[in-house]
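Report on one structure; see the data block that follows.
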There are 2 protein chains.
Amino acid sequence: MVAGPLPAPSGPGKDRLRLWIRLLRASRTIEAELRERLKKEFNTTLPRFDVMAALYRAPEGMLMSDLSRFLLVSNGNVTGIVDRLVSEGLVARARRNGDRRTSMVRLTEEGSKTFGIIAAAHEGWIGELLGKVSEDDARRLTGMLTSFRSNWEGRE
Amino acid sequence: MVAGPLPAPSGPGKDRLRLWIRLLRASRTIEAELRERLKKEFNTTLPRFDVMAALYRAPEGMLMSDLSRFLLVSNGNVTGIVDRLVSEGLVARARRNGDRRTSMVRLTEEGSKTFGIIAAAHEGWIGELLGKVSEDDARRLTGMLTSFRSNWEGRE
DNA sequence: ATATGAAACTTTAAGCTTGAAATAATTTCC
DNA sequence: GGAAATTATTTCAAGCTTAAAGTTTCATAT
């Protein structure tokens with residue numbers, strides 16, 4: 001996937017292949033940097049940050065399946081991450097009256113406070129890491145990515 | 001990370017944050033699809049494909065540390081993936097005369113043949129998945145991503 | 001009411017991933 | 001030549017990830 005330098009591919013369709021490779025390398029590079037900083041500065045992980053970010057914007061809480069869908073990861077995966085966040089006191093599961101299969105997951109007060117702090121740092125990091133991209137290019141790129149993602153969403 | 005819908009962020013620097021979120025969602029979506037197809041069609045994984053792709057373009061072989069650097073993953077990680085590829089007969093380690101700490105890793109003949117087949121399918125999938133991106137946009141996007149990545153490479 | 005099926009979630013096994021510690025070989029520097 | 005630092009790699013523990021199988025609960029249709 002993360003192919004790169006040496007013999008530049010050429011021929012029909014190669015431009016898209018090259019785009020994909022760049023896209024993947026870019027996101028992996030940034031992801032690695034964020035992961036490292038989250039660990040060093042806040043002793044947390046990217047998956048936990050992702051879950052907290054999702055919950056932060058849903059004060060009423062989210063179902064496990066909502067989280068799974070939103071974060072694009074499997075539901076078994078979310079179970080483990082939420083388990084750890086619960087044991088850290090940052091997240092709580094609340095049984096529901098109506099449907100006993102489900103539980104509403106939400107940030108605790110401490111979780112919310114903690115996330116606020118981390119999120120501020122995170123936004124600063126992104127600004128720094130993408131600093132060389134002009135606001136204009138950022139908007140243009142975002143537009144392209146959005147349209148190309150829309151071919152995908154809710155496909156199967 | 002993979003934040004999305006609800007309250008659209010606004011303010012200074014928010015365009016870059018949004019760009020990052022889209023970038024991440026796009027690459028995760030495509031990655032997930034590739035992973036699934038690699039599993040279903042060829043009973044292999046993305047990391048193994050990555051390693052084989054790197055080796056395919058280096059017929060003389062690569063050191064473990066070369067692989068690690070090139071693929072942007074830790075060296076301990078590469079050890080495990082190469083181990084599995086070796087046990088599948090797709091990759092071979094060759095001790096070197098000069099430096100006995102290192103070994104040259106390369107595709108076996110079977111590995112090379114196998115990779116050729118998978119790579120052809122892979123290229124087709126990318127063409128399909130990014131089909132809606134015009135060749136022109138693909139080149140433009142690639143250019144932007146390249147320049148923005150170059151702020152990063154060899155940073156520390 | 002009760003089977004049948006669907007839905008929400010957890011568990012499990014296998015594999016991927018990292019950072020840190022451990023090994024081993026090489027190089028550097030007195 | 002030998003200690004000390006460096007380099008290449010593996011090992012390890014903890015955590016992330018998936019797909020598949022299992023559990024519990026709910027909804028539907030007899």
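Chain letters run A, B, ... following the sequence lines, proteins first, then strands; residues in each count from 1.
- In this structure, B/Leu34 places its CG atom 17 Å from C1' of D/dA19, rounding to the nearest Å.
- In this structure, the CZ atom of A/Arg95 is 12 Å from the P atom of D/dT24, given to the nearest Å.
- For A/Arg96, there are no salt bridge (charged side-chain N to carboxylate O under 4.0 Å, His left out) partners at least two apart in sequence or on another chain.
- Atom pair A/Ile81:CD1 and C/dT11:P shows a separation of 15 Å (rounding to whole Å applied).
- In this structure, CG of A/Asp66 is placed 13 Å from C1' of C/dC9, rounded to the nearest angstrom.
- Under the side chain to side chain donor-acceptor pair (under 3.5 Å) criterion, the residue pairs touching residues 60-72 of chain B are B/Asp66-B/Arg69, with sequence neighbours excluded.
- Applying the ring pair (Phe, Tyr, Trp, His ring centres under 6.0 Å) rule to B/Tyr56 yields the partners B/Phe115; only residues at least two apart in sequence or on another chain are considered.
- A salt bridge between B/Glu123 and A/Arg16 is absent, with no side-chain N of the basic residue lying under 4.0 Å from a carboxylate O of the acidic one.
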Identify every side-chain donor-acceptor pair in residues 72-82 of chain A under 3.5 Å, counting partners at least two apart or on other chains, and give the distances.
from	atom 1	to	atom 2	distance (Å)
A/Ser74	OG	A/Asn77	N	3.4
A/Thr79	OG1	A/Asn75	O	3.3

For nucleotides 25-29 of chain D, list the nitrogen or oxygen atoms of the protein found under 3.5 Å from its nitrogen or oxygen atoms, one pair per line.
from	atom 1	to	atom 2	distance (Å)
D/dT25	O3'	A/Arg100	N	3.4
D/dT25	O2	A/Arg101	NH1	3.4
D/dC26	OP1	A/Gly98	O	3.3
D/dC26	OP1	A/Arg100	N	2.7
D/dC26	OP2	A/Arg100	NH2	3.0

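- Scanning for side chain to side chain contact (heavy atoms under 4.5 Å, CB included) contacts around B/Ala92 gives B/Thr108, with sequence neighbours left out.
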Run the salt bridge (charged side-chain N to carboxylate O under 4.0 Å, His left out) check on B/Lys113 and B/Glu109 step by step: do they pass? CA-CA 6 Å; B/Lys113 191 175 136 233; B/Glu109 191 151 348; over 6 Å; no
Using the 3.5 Å cut-off, write out each protein N or O paired with an N or O of nucleotides 1-4 of chain D and the distance between them.
none

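- Looking at residues two or more places apart in sequence or on another chain, you find a salt bridge (charged side-chain N to carboxylate O under 4.0 Å, His left out) between A/Arg140 and A/Asp137.
- Comment: B/Glu128 engages B/Arg37 in a salt bridge, judged by a side-chain N to carboxylate O separation of less than 4.0 angstrom.
- Note: CZ (B/Arg96) to P (D/dT7) measures 15 Å, nearest angstrom.
- Taking atom CG of residue B/Leu63 and atom C1' of nucleotide D/dT7, one finds them 11 Å apart after rounding to whole Å.
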Polar atom pairs between nucleotides 11-15 of chain D and protein, under 3.5 Å, N or O only, would you list them?
none

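- In this view, A/Arg93 and A/Asp83 satisfy the salt bridge (charged side-chain N to carboxylate O under 4.0 Å, His left out) rule, not counting sequence neighbours.
- You'll find that the side chain of B/Met64 is closest to D/dT10, out of C/dC9, C/dT18, D/dT10.
- Taking the nucleotide of DNA chain C with the nearest heavy atom to each of A/Ser103 and A/Lys39, the more 5' of the two is matched to A/Ser103.
- For the OP1/OP2 pair of D/dT10 and a distance below 4.0 Å, the side-chain nitrogens and oxygens of B/Arg93 include at least one atom meeting the criterion.
- Partners of A/Arg48 under the salt bridge (charged side-chain N to carboxylate O under 4.0 Å, His left out) rule, at least two apart in sequence or in another chain, are A/Glu88.
- At least one side-chain nitrogen or oxygen of A/Ser65 sits closer than 4.0 Å to the OP1 or OP2 atom of C/dC9.
- Closest to the side chain of B/Thr102, from the set D/dA8, C/dT17, D/dT17, is D/dA8.
- In this structure, A/Arg28 atom CZ and C/dT17 atom C1' are separated by 11 Å, rounded to whole Å.
- Rounded to an integer number of Å, the gap from A/Met62 CE to C/dC9 C1' is 15 Å.
- With D/dT18, C/dC9, D/dA19 as the choices, the nucleotide that has an atom nearest any side-chain atom of B/Glu36 turns out to be D/dA19.
- Applying the ring pair (Phe, Tyr, Trp, His ring centres under 6.0 Å) definition to pairs two or more places apart or across chains, none involves residues 81-111 of chain B.
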